[in-house]
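We use all heavy atoms of the structure for the numbers below, so side chains are in, but hydrogens, waters and symmetry mates are not.
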Amino acid sequence: GLRARRKPDHFPGLHEIDGGRLADVFLSYSRDDLQTARRFATAFEREGFTVWWDQTLNPGEAFDKVTERALEEARAVVVLWSKHSVDSRWVRAEATQASSNGNLVPVMIEPCKRPIMFELTHTAELSAWKGDTGDPTWQAFLAGVRRFVRKDSPAAPPSATAQPLTSRRKNSSRIAIAASVVALLI
């Protein structure tokens, strides 16, 4: 697995993944879903992503500070929604922060009712995924994660993050609809 090491003193408490890179993916999950989270972390690592999850914490570290910094620095925050994680204050807080940062990549790992604020965010459906990296549903999800990771990568070609015009128009329409709904609720 990945071994985390302390980042230089100017970022105390933040970890770098072996090789000096910050994590591509921050994995948010409930402890009750540890085996599923491990399946996701392993699959991401096999695809060449660096992954930060609480399994990389070192004894004696301040859990909240390290987690907050890792969450802030990750390129994509993959939130595993389950019956357990929807009740976790940590997962909800991490998802909220990722949404604010614009790097939330939510995924359903079992049928559940997500917190209402995340109902307007497209969520991948991987409830039936058992770890087969050739599965078309996994591959589609992985393509979405890659877009987030490449968006902040200085080595990414401009076409890696460009959206087709029709996709931008659809997103603009969705944003306008969501803003209208929020305005009606206020």
Could you walk me through whether W81 and V107 pass the side-chain contact (heavy atoms from CB on, under 4.5 Å) test, one step at a time?
CA-CA 6 Å; W81 288 123; V107 59; over 6 Å; no
Under the side-chain contact (heavy atoms from CB on, under 4.5 Å) test against D24, which residue among R150, R75, R146 passes?
R75
Test ring pair (Phe, Tyr, Trp, His ring centres under 6.0 Å) applied to F44 and W52, F26, W138, the passing residue
W138
Between V77 and E94, the two heavy atoms sitting closest are CG1-O, 4.5 Å
Would you confirm whether S88, through its side chain, and S30, through its main-chain N or O, come within 3.5 Å as a donor-acceptor pair?
no
Residues in side chain to side chain donor-acceptor pair (under 3.5 Å) with E119, at least two apart?
R114
From the list D87, D33, D32, T36, side chain to side chain donor-acceptor pair (under 3.5 Å) partner of S82 resolves to D33
Please report the interatomic distance CG(L71) to CH2(W90), rounded to the nearest 0.5 Å.
9.5 Å
Rounded distance (nearest 0.5 Å) linking atom CG of D135 with atom CG of L142:
11.5 Å
Looking only at non-hydrogen atoms, find the nearest pair between P106 and T121 and report the distance.
CG-CG2, 3.8 Å
Taking all non-hydrogen atoms of both residues into account, name the closest pair between L27 and A37 and its distance.
CD2-O, 3.3 Å
Approximate separation, where rounding is to 0.5 Å, of C112 SG and K83 NZ
8.5 Å
Can the ring centroids of F40 and W53 be said to lie less than 6.0 angstrom from one another?
no
Partner set under side chain to side chain donor-acceptor pair (under 3.5 Å) for N101, not counting sequence neighbours:
Q97
Shortest non-hydrogen separation from V149 to A76 and the atoms involved
CG2-CB, 4.3 Å
Considering non-hydrogen atoms only, spot the tightest contact between P115 and V86 and give its length.
CD-CG1, 4.0 Å
Pick out which of T96, V79, V78, T123 makes a side-chain contact (heavy atoms from CB on, under 4.5 Å) with L104.
V79
Output for pair (E68 CD, F63 CZ), nearest 0.5 Å, gives 10.0 Å
Provide the closest heavy-atom pair for T137 versus E125 in the form atom of the first, atom of the second, distance.
CG2-O, 3.4 Å
Between W129 and F141, is the ring centre distance below 6.0 Å?
no
Give a yes or no answer on whether the side chain of Q139 reaches the backbone of T133 with a donor-acceptor pair at less than 3.5 Å.
yes
d(D132 CG, R39 CZ) to nearest 0.5 Å is 11.0 Å
Between CZ of R38 and CD of E45, what distance do you get to the nearest 0.5 Å?
10.0 Å
